[in-house]
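Report on the structure given below.
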Amino acid sequence: LYKRTNVRAEMTAIIEALDTYIENRVVGHLVMYIDNEMCVSILNSWLDKWIKEKRVDSMKNPDLLHMFIDRLARLRAMQGDYTFKAQHIYAHLEKKGKMPEKGTKEYKMWKYNHEVDELANMGARMCKDSESDTEALKGAPTIATDNSSVDKFDKEINDSLIEIKK
């Protein structure tokens with residue numbers, strides 16, 4: 001059993017996102033916005049080095065690293081010449097007094113990251129005294145949105161991605 005850490009939580013969320021991407025057979029360029037610099041470094045550079053040097057099993061969280069390797073291999077098999085990049089975004093800007101201007105792509109990315117962090121914190125509080133995350137989260141509130149909200153969110157994210165790719 002592995003100790004619960006914020007890095008494990010971030011890595012697990014990334015794996016879940018990759019699973020969703022794969023399950024929906026999305027083809028094309030994938031940029032994943034992550035507020036944890038260590039996870040960005042693992043995905044963009046360290047993991048390939050660790051694989052070549054056969055060091056994956058000696059690193060922290062080898063179970064999750066193997067899951068990354070599996071998901072990235074599945075993307076390659078599914079798409080051939082796919083592109084994947086982890087992009088760091090700054091989090092907790094409100095605490096630093098450095099809020100991005102409303103309406104900008106930076107604000108949108110901060111806003112969505114902030115909302116995800118709030119959900120993660122709620123989940124962490126629910127799991128704090130539990131042996132099993134699965135048991136602790138049974139009956140947890142879920143986010144319900146109508147399709148128009150989801151469509152609006154997707155459009156805003158896609159517009160941001162398009163702007164960022166330029």
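Residues take their numbers from the sequence shown, with the count starting at 1.
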Verdict with reasoning, Leu64 to Arg8, per side-chain contact (heavy atoms from CB on, under 4.5 Å): CA-CA 8 Å; Leu64 298 176; Arg8 278 192 70 79; 3.5 Å; yes
Working to the nearest 0.5 angstrom, can you tell me the gap between [X] [atom1] and [Y] [atom2]?
{"X": "Leu72", "Y": "Leu30", "atom1": "CG", "atom2": "CG", "result": "9.0 Å"}
{"X": "Ile51", "Y": "Leu65", "atom1": "CD1", "atom2": "CG", "result": "8.5 Å"}
{"X": "Lys111", "Y": "Met109", "atom1": "NZ", "atom2": "CE", "result": "12.5 Å"}
{"X": "Met38", "Y": "Asn61", "atom1": "CE", "atom2": "CG", "result": "9.5 Å"}
{"X": "Leu47", "Y": "Phe68", "atom1": "CG", "atom2": "CZ", "result": "7.5 Å"}
{"X": "Lys108", "Y": "Lys102", "atom1": "NZ", "atom2": "NZ", "result": "13.0 Å"}

Flag for His88-Asn36: side-chain donor and acceptor within less than 3.5 Å: no
CA sep, side-chain torsions, deciding dist, call: Arg71, Asp19, side-chain contact (heavy atoms from CB on, under 4.5 Å): CA-CA 7 Å; Arg71 295 335 184 261; Asp19 284 344; 2.4 Å; yes
Can you give me the closest heavy-atom contact between [X] and [Y], atom names plus distance?
{"X": "Val56", "Y": "Pro62", "result": "O-CB, 3.6 Å"}
{"X": "Val40", "Y": "Ala86", "result": "CG1-O, 3.6 Å"}
{"X": "Arg55", "Y": "Met59", "result": "O-CG, 3.1 Å"}
{"X": "Met32", "Y": "Leu18", "result": "CE-CD2, 3.8 Å"}

Glu53 atom CD, over 12 foreign heavy atoms within 6.0 Å: yes
Val7 vs Met11 side-chain heavy atoms within contact, under 4.5 Å: yes
side-chain contact (heavy atoms from CB on, under 4.5 Å) evaluation trace for Asn44 with Gln87: CA-CA 9 Å; Asn44 286 343; Gln87 176 72 44; over 6 Å; no
Asp70 (side chain) donor-acceptor with His66 (main chain) under 3.5 angstrom: no
Salt bridge flag under 4.0 Å for residues Asp48 and Lys52: no
